[in-house]
Amino acid sequence: MDLSLMNKEQKKAIQSTEGPLLIMAGAGSGKTRVLTHRVAYLLEDRGVPARNILAITFTNKAAREMRDRVSALITEGTQDMWISTFHSMCVRILRSNINHLGYENSFSILDPTDQKSVVKDILKRRNLDPKQHNPRNIIGFISDKKNQLIRPEQSIAEAAAYPDTLYSEMYHDYQQILYRNSALDFDDLIMLTIELFDKEPKVLEYYQNRFQYIHVDEYQDTNHAQYRLITQLAEKYRNICVVGDSDQSIYKFRGADISNILNFEDDYPEAVVIKLEQNYRSSKNILDAANAVIENNTERKPKALRTERDGGPKLQNIVADSERGEAEEVVGNILDLADKYSHSEMAILYRTNAQSRAIEDTFVKSNIPYKMVGGIKFYDRKEIKDLMSYLKVILNPNDDISFERIINTPKRGIGPKTVDKLKAHGQTTGISIFESIKESDFIGIPKTAVVKLMGLVDLLEKLAQKSKFITITELVDEVLESTGYLEVLESEKTIEARSRIENLEEFKTVTREFDRDNEISDELLFTFLSDMALVSDQDGIEDDGGVTMMTMHASKGLEFKVVFVVGLEEGIFPSRRVIYDDKELEEERRLMYVALTRAEDHLFLSRANSRMIFGKTESNMQSRFLSEIPESLVEGGGAFAQGDANTGSGLKKRTPKRSRIVTNNSGVSFAIGDKVEHKKFGEGIISAIKGEGDSQELDIIFNKVGIKRLLANFAPIEKKE
DNA sequence: CAGATTCGAATTTTT
DNA sequence: TTCGAATCTG
């Protein structure tokens, strides 16, 4: 293996193959290169058989890339090597072993929408109001428990007070329903694999022997369950190599536990620790800015990225009037740079998907090609989910969750009352909806509905027969035709319906690709659905030119020559919800760090003096993260001086910048940053202005009582100075 | 039962 | 603002 282009640390990381290894890899430090070379080195120089190597990533895309890059480095094939995500690894293990836990090996995998319908069902059955108990919170609760490897019984036993006691009961219901449907959610995949290993030491030992060399990428994002799983697998050989950067941990809200990486050396006292601090991506100015920001986090291991690149252009500060103006500034700068960089080398990063709208509109108007990552997901679209549900039911008629979705889609006159009766019957007898239909004659369902239900059952059974002899693409066509799904859409003649048909067509490019790689067999549909359950839209981002638009979260692991970070305002980024929680604020700062370190050459930081949020105009102070960047690194207006500075691009003249001014009854005007005196609360400073007219509100940070939101017109306040 | 209308909630989310 | 879901009406 040729390692001559590697630096000292990288070489050491590649060659330390025996025993535990922690690689602390800063942003842009060539982490992926190290990982791929390490695997190749194991294969070629150490003669480790491919089948004894495991590499775990978080995304399918990352897994695919890793396999490709390893393949490019070595002569033999990589088919025997497991390079996969946590989830697909667990699916593979569970498909052959889950019978030990009482589930069918043909288990189906629930997506978040399915989860939601299960929870709503539970709420209904318990006569609870979904408004009082947001299904999202309940799903979140269940997910948390599973990530902590807490089973329903234990959760019930441990629940101390009200909502937890109820939620634990619902967790119990939920798990029971899933079990009866032989369905697993994403968290189950991990939790049940661990349970399997605990229960069946022989199975665990088989995989321990198989995976003698284990690699885990993005280790800072592992949750407790994933940590346990890795610990189990690595216990025997202890050749465990984890790679990560605690400064880039931005998924705590999903259960990621940063202490996994921080405590690695305690778990494996013999561990070798290697720091990769040489950055090969960003210019010095960008890196200095990122380092300056992240240094404000108190809970971190000190680490500073170095670069040999020169300063490069200064960071550009953009202050616009509105989100519209902000978008126009971005476009102006893109046009300026268009002769030096292609569109696909540029990206716009924002905190929330909602912020993409103004930018997208402006892009359309300016004819700038773009691609948007995330937002409304392809596989979340109704038509795709409907189709998938048909396929799932064809494979597994007892999948009630999917069956309920399609029982009256397209409309075939089977209403909620009928469905309720079927479900009730199923509940008392313990059989599925599909089976219940066969007895529908006897459970008080009107004759007309019975006929329709029988017709549906008949159709599905025919499709199930056929599915064994045709390709998935043919099956999809068959479903769309025979159910009348396509017909209904075609007769609608709306733009909406048109786009749904297009999406279904798009789906068929996926099935065609699958059909190309797979032979027709009675396992075909099973294989297809298993594959599909774990793919995400992130996988399909292909480079067809165009500026990338995405959330900062989605940008992790990517790099661009030119990066725009937009919406740098208090309340937007950092998000309003975390401002008073130091821990969460630090996570938010790590997100800023991730965003900044995506940039190679040019970095633009922008904000708007006011913007529409949920239909209301709001003004916010500049983000504290901006103030954390040394002014010497920044250009454009008065850099980050409070509440001032105009655009950096001289291209377009924006309306002269002015903070929004509001007036109260006495005719006094207020702007962000003004000091005020309140009759009761004392001295304070205005931090945000929301809304218009009489309902206009001021957020004021008072020295004594903290932040208060007051009506500008009526609050007893006076401007100071 | 199905379409129309009103109501209310609204980060981030690799699988 | 914009989405989905609950509620109302024919």
Side-chain angles (χ1 to χ4, degrees), chain A residues 56-63 84-91 109-113 115-117 120 124 129-131 134-136 139-140 143 146-147 184-190 217-218 220-223 225-226 248-256 323 349-355 357-358 361 373-377 379-380 382 408-419 446 448-449 452 532-539 541 550-558 567 571-579 584 587-588 590-592 594-595 611-618:
Chain A
I56 301 175
T57 61
F58 271 83
T59 65
N60 296 307
K61 189 177 163 220
S84 73
T85 62
F86 271 103
H87 298 269
S88 54
M89 169 177 83
C90 290
V91 170
I109 299 168
L110 260 53
D111 67 20
T113 320
Q115 283 180 288
K116 199 171 162 199
S117 60
K120 286 176 105 177
K124 201 164 146 199
D129 182 5
K131 271 180 202 134
N134 186 184
R136 252 178 57 174
I139 293 168
S143 177
K146 289 183 176 179
N147 289 163
L184 274 62
D185 64 22
F186 286 131
D187 300 315
D188 281 336
L189 294 175
I190 316 282
D217 195 10
E218 306 281 15
Q220 77 281 355
D221 287 334
T222 50
N223 61 35
Q226 289 160 339
Q248 292 187 64
S249 161
I250 53 173
Y251 283 106
K252 179 153 162 249
F253 67 94
R254 286 181 94 256
E323 75 273 18
L349 309 182
Y350 34 78
R351 179 63 237 266
T352 67
N353 284 120
Q355 289 169 257
R357 176 160 225 100
D361 288 351
V373 180
I376 335 106
K377 301 215 171 9
Y379 293 105
D380 265 355
K382 183 181 182 300
N408 197 32
T409 316
K411 305 268 179 326
R412 47 172 79 87
I414 300 167
K417 263 201 270 165
T418 305
V419 176
T448 47
K452 293 191 176 121
M532 289 300 292
L534 298 175
V535 304
S536 80
D537 299 280
Q538 307 283 331
D539 301 329
I541 308 162
M550 62 183 152
T551 62
M552 300 178 201
H553 281 90
S555 75
K556 198 175 63 152
L558 305 176
I572 306 287
F573 184 46
S575 160
R576 179 151 299 124
R577 310 167 84 118
V578 310
I579 293 184
E584 294 200 61
E587 171 133 332
E588 204 83 344
R590 290 194 288 271
L591 186 57
M592 176 72 170
V594 168
R611 69 172 67 232
M612 284 275 256
I613 292 175
F614 303 144
K616 275 199 186 123
T617 309
E618 274 188 27

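Predicted model only: the values in this text are computed from it and were never measured. Order of the sequence lines fixes the chain letters, A, B, ..., with proteins taken first and strands second; residue numbering starts at 1 for each chain.
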How far apart are the closest heavy atoms of [X] and [Y], and which atoms are they?
X	Y	value
A:S84	A:M89	OG-CB, 3.4 Å
A:A62	A:T57	CB-CB, 3.9 Å
A:N353	A:V373	ND2-O, 4.3 Å

At 4.0 Å (heavy atoms only), tell me whether [X] reaches a base, stays on the sugar-phosphate, or touches nothing.
X	value
A:T551	sugar-phosphate
A:F86	nothing
A:D111	nothing

Whole angstroms only, please: what is the [atom1]-[atom2] distance between [X] and [N]?
X	N	atom1	atom2	result
A:F253	B:dT13	CZ	P	6 Å
A:L349	B:dT12	CG	C1'	13 Å
A:D221	B:dT15	CG	P	12 Å
A:I56	B:dT14	CD1	P	19 Å
A:H553	B:dT14	NE2	P	10 Å
A:D187	B:dT14	CG	P	13 Å
A:F58	B:dT15	CZ	P	11 Å
A:M550	B:dT13	CE	P	11 Å

Original post:
A:N353 side chain N/O closer than 4.0 Å to the phosphate oxygens (OP1, OP2) of B:dA10?
Top reply: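 No, because none of the side-chain N or O atoms of A:N353 sits under 4.0 Å from OP1 or OP2 of B:dA10.
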Original post:
OP1, OP2 of B:dT15 versus side-chain N and O of A:N60: anything below 4.0 Å?
Top reply: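 Answer is yes, contact under 4.0 Å.
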Original post:
Where along nucleotides 1-8 of chain C does protein come under 4.0 Å, by heavy atom, of base (B) or sugar-phosphate alone (S), with - for untouched nucleotides?
Top reply: BS--SS--
Subject >> Residue closer to the 5' end of DNA chain B, A:K556 versus A:S575 (nearest nucleotide) >> reply: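 Between the two, 5'-proximity favours A:S575.
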Original post:
Between A:F186 and A:E587, who's closer to the 5' end of DNA chain B by nearest nucleotide?
Top reply: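 The answer here is A:E587.
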Could you please name the option among [options] that lies closest to any side-chain atom of [X]?
X	options	result
A:R577	B:dT12, B:dT14, B:dT11	B:dT11
A:V578	B:dT13, B:dT11, B:dT15	B:dT11
A:N134	B:dA10, B:dT14, B:dT12	B:dA10

Within a strict 4.5 Å, meaning less than it, do heavy atoms of the [X] and [Y] side chains meet?
X	Y	result
A:L349	A:M550	yes
A:F253	A:H553	yes
A:K116	A:I139	yes
A:E323	A:R357	no

Subject >> Set of residues satisfying side-chain hydrogen bond (donor to acceptor under 3.5 Å, both in side chains) with respect to A:N134, sequence neighbours excluded >> reply: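 Checked A:N134 against side-chain hydrogen bond (donor to acceptor under 3.5 Å, both in side chains); zero matches.
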Output one line per pair: protein atom, nucleotide atom from nucleotides 1-5 of chain B, and distance, for all N/O pairs under 3.5 Å.
from, atom 1, to, atom 2, distance (Å)
B:dC1, OP1, A:G415, N, 2.6
B:dA2, OP1, A:G413, N, 3.3
B:dA2, OP2, A:N408, ND2, 3.1

**OP:** In plain terms, say whether A:R577 and A:E584 are close enough for a salt bridge, that is, a side-chain N and a carboxylate O under 4.0 Å apart.
**Re:**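 Salt bridge between A:R577 and A:E584, a charged N being under 4.0 Å from a carboxylate O: no.
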Original post:
How long is the gap from OH on A:Y350 to CD1 on A:I572, to the nearest 0.5 Å?
Top reply: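 Nearest 0.5 Å value for the OH-CD1 distance: 14.0 Å.
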Original post:
Hey, which of A:L189, A:L110, A:I190 is the one that makes side-chain contact (heavy atoms from CB on, under 4.5 Å) with A:L184?
Top reply: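 Single pass found, and it is A:L189.
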**OP:** State which residues pass salt bridge (charged side-chain N to carboxylate O under 4.0 Å, His left out) with A:D187; sequence neighbours excluded, sorted by chain then number.
**Re:**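 Salt bridge (charged side-chain N to carboxylate O under 4.0 Å, His left out) check on A:D187 returns nothing, list empty.
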Subject >> Bracket notation of DNA chain B in which parentheses pair within the strand, [ ] cross earlier pairs, and | pairs with another strand (Watson-Crick or G-U, under 3.5 Å) >> reply: ||||||||||.....
Subject >> Those residues that, when tested against A:A533, pass side-chain contact (heavy atoms from CB on, under 4.5 Å) (two or more places apart) >> reply: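 Listed in chain order: A:I109.
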